[in-house]
Each structure stands twice: as structure tokens, then as C-alpha cells.
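This structure is a prediction, so every number in the text was calculated from the model and none was measured.
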Amino acid sequence: MDPGVVFDDIDRVDSSPSKHAEPAFVFLNRVAGPFWDRTRSTVSDWFGRLPVDMQPDVLGRLRSGDDRQLSGAFWEMYVHEALSREGFDLVPHPVVPGTQSRPDFAATRIDASFYVEATVIGESAAEAAADRRRNVIYDSLNAVDSPNFFLGLEVEAEGATSPSARRLRTDLEHWLGNLDPDKATEAMKSGLDLLPTFRWDAEGWTVSFRAIPKNEDSRGKPGVRPLGMFGPGRAAAVYDVGQVRSDLGEKAGKYDRPDLPFLIAASVESPFFDAEHTTSGALFGREAVQFDPDSMESRSIRTPDGLWTSPSGPRNTRVSAVLIVQNVSPWHFLHREPIVWNNPWAALPLPDVLPWEARKVDLGHGTLVKRDATRRAHEVLGVPEGWPGPEDPIPDA
């Protein structure tokens, strides 16, 4: 398909890395290079194979400038492309008896039919807004004129709005301009704690900066980003099985008793996601240790708080399986392989017809049975292994 349908038809000469606050689509739309040309071409091809009545909504979300919207739209395209290449006919937003809710697709092939709901599990709107505010600071710092120093920073307090980028740059350039890089280099030999520091308080923000002297050969060179080192930053909980379970449960609760097997396809946007530990905990319950005070023995158990388990027995039996993968994006969707987790208590089991690696519990023996993928992700999606390379994404970075 003509890439101009999804992306602007322009000559691209900017191969610089993405800015912190730059939306993913804006970056992908402007960045130059064969690596990115192939990415745009593939995205456009997938978009062109969507049903026509889906295209306006998907295009709007891709180009919205909201990374969460882009992630959801692209994941729907990924699922559509993969299942279409597997020979399934896909009907968008089919009517499901007994409910007003409509899943993303009904997938039909001679040997299987099922509903598919695609979802992206990621940060909340409030967390995304906070990230955007911090990214304004990071991009402001990379615009600072700092020929002699890199900058380390630690955000101690965050304001409710983005700070003034001009004020921040002005204050930092004034501070840095009065520092001697040779004296700072000598001080650094005795420890980083002796480097010059600056505390910036404004508009609810408190940020501590540390000036890190550049090597003599690197001083004064243009195009070098000054932002060099981040501090520990804000405290945050590791992305937990509870969040994955909660988001899957929200999708499961939209449907009463579908007349076909029901598959939830989830892309989890988190660096902490563990394909085995997080998913098994979210579906079958958290791992715990049970201690017997009489025998002084302990054993591993699962608490009955998973998507499919409760103290009273199996639940959400309407969900036949969950297809789950970490961090799918338009330029590195081959870095992770999806896994199908089958519900052993499903009212309508999903036939074993999908090409991805699969997990299934043998209830009789209490064991988890693993099936290897019949094809790798690049084969399923029809792109070469190593796509969209072999070039580096940002050759000059």
C-alpha cells in the first residue's frame, strides 16, 4: 500500500533519535533511513489489508499523537494481520448474542471459529500525563547550551503542570557558564559527590542537577546531548500480576456467555513483565508459601485470586484463552513471541489451531503442559527474520 495513506508523503532527511516528549507517530513519520522506510511500508501494508470500515478509526488513533492510542491501534493491526495470514476470515465488531458489547473480531476458518478482543495493558492516563511532564524537562535539558558539561539529574518533586522550558534552560546555562570544567574534573577524582550541584525549584518542581565535566577532546563539540545521567527518580510499584489480572478481567466482564470460544489478545507495555511468572499469577493466582505449624513443613501454593480462579472455584469460564506478549510496537514487534494460555475450565475451549507457543494445564496431574510454536513470529507475519534491519535504527547515535 502507498505509505502516504498512513504517513505523510515527504522527503525525509532527519535521522536524529526520538526526543523524550516526541509522540511515537511524530517520530516515525519524520525519521529518515532504510530501517524506518521498511517500518512505514509494513505498517501501511497492514493498514491497507484492514476491513475498509475499520480504517478511519485505526488511522485516527495511529496519527492522534497519543502513544496509548497508537499502541492499541497497532496491536489490533498485528492481530488482524497474523490471523488473516493463518487463513481466518475476520469480521470486525461482530454481534454477540446476549450482550451489547462487541469484540474486535470474529475469526472463522474451516476448522475453528472464535471471537477476539485485542487490548493493550499499560500505564494509566494519569501516569502517561506525568511521563509527558517529565519528558518536557528532559527535552529542555538536551537543548541547553553546555559545551563543557554533561548533566545528571534527580527529580525530587513533580509539579502538576509542565515547567517553563525557557526558564529552566536560562537558569541552567547561567549556572553552567560560571563553572570551571578543569576544577570539576579534579574534584571528580575524589568522588561524584564533590561535583558541582544546582537545585532548581519552580512551579511545584524540585530538580537536583550535577555538572559532569566532559573530556577535553569532547568539549565544545556541537550536537552532543548534555543529558547524561538520571537519578533514582520517583518510587513506583513493579508492574504486578494484579494489574494484568484486573485489565484482563475488565475485558472478560464485557461478555455474558458468548456462543463461540473467546480469546483475549493482550500486549503488555511494561519493562517488568515476565511471560511466565506474571501471566501464570494473573490467570491462576499468585504464588505463595503455605506453612504447617504442626509439621513445620512448607509448600508452594497459588492463592485463588487469578482471572480463572476464586475461593469458590473456577470463574470467567467464558474466556477460552489469553494470547499475551510484551511491548509490541511498529518497529520491534519481532523482539517478543506471543504465548497462548488456555483456560482449563473454559465453557468453550479454544481449538489448538494457532501457530504461537501455547500453555495448557493438565488438571488430572496438576502440571503445566507447554507446546512449542509451529512458526516463529516473522514467519507468521510474513516479514524477513531480522526485519526491519539489517541497518542500525539511528546510525549516528
### Query
For S146 and E173, does a side-chain donor sit closer than 3.5 Å to a side-chain acceptor?
no
### Task
Decide yes or no on side chain to side chain donor-acceptor pair (under 3.5 Å) for R30 and S16, but give the supporting numbers first.
CA-CA 10 Å; R30 62 89 175 160; S16 62; 3.1 Å; yes
#### Entry: D8 side chain vs I10 backbone, donor-acceptor pair below 3.5 Å
no
#### Entry: Check ion pair R38-E391 (N to O, under 4.0 angstrom)
yes
### Task
Check the pair L263 / L323 against side-chain contact (heavy atoms from CB on, under 4.5 Å), numbers first and verdict last.
CA-CA 7 Å; L263 171 70; L323 172 71; 4.0 Å; yes
### Query
What do the steps show when you test H174 against D171 for side chain to side chain donor-acceptor pair (under 3.5 Å), and what is the final call?
CA-CA 5 Å; H174 177 75; D171 291 347; over 6 Å; no
### Query
Taking the six-membered ring for Trp, is the centroid-to-centroid distance between W331 and F74 below 6.0 Å?
no
### Distance-only donor-acceptor check, side chains E156 and S208, under 3.5 Å
yes
### Message
One pair to check against ring pair (Phe, Tyr, Trp, His ring centres under 6.0 Å): W387 and F35. What are the steps and the verdict?
### Response
CA-CA 8 Å; W387 175 99; F35 181 99; 7.4 Å; no
#### Entry: Atom pair CG/CZ of L348 and F262 - distance to nearest 0.5 Å
12.0 Å
### Query
If only atom types and distance count, is the side chain of R376 paired as donor or acceptor with the main-chain N or O of E385 below 3.5 Å?
no
### D104 side chain to Y115 side chain, donor-acceptor N/O pair below 3.5 angstrom
no
### Task
Measure the shortest side-chain to side-chain distance between P258 and R318 over non-hydrogen atoms and say whether it is less than 4.5 angstrom.
yes
### Side-chain touch T119/W75, heavy atoms, less than 4.5 angstrom
no
### Task
Using only heavy-atom distances, determine whether the side chains of D201 and T206 contain a donor-acceptor pair under 3.5 Å.
yes
### Task
Ignoring hydrogens and angles, tell me if any N or O in the side chain of R63 forms a donor-acceptor pair with the backbone of V6 under 3.5 Å.
yes
### pair V328-R336: side-chain heavy atoms closer than 4.5 Å
no
### Task
Scan side-chain atoms only and decide if R12 and N29 contain a donor-acceptor pair under the 3.5 Å cut-off.
yes
### Query
Can you tell me if E203 uses its side chain to pair, donor with acceptor, with the backbone of G159 under 3.5 Å?
no
### Query
Would you say E276 and R359 make side-chain contact, with heavy atoms under 4.5 Å?
yes
### Task
Please answer whether the main-chain N or O of V340 pairs with a side-chain N or O of K360 as donor and acceptor at a distance below 3.5 Å.
no
### Message
Would S64 and D66 count as a side chain to side chain donor-acceptor pair (under 3.5 Å) here? Give the steps.
### Response
CA-CA 5 Å; S64 68; D66 183 333; 5.4 Å; no
### Message
Is there a side chain to side chain donor-acceptor pair (under 3.5 Å) between T317 and R257? Walk through the geometry before answering.
### Response
CA-CA 9 Å; T317 57; R257 293 292 170 190; 3.0 Å; yes
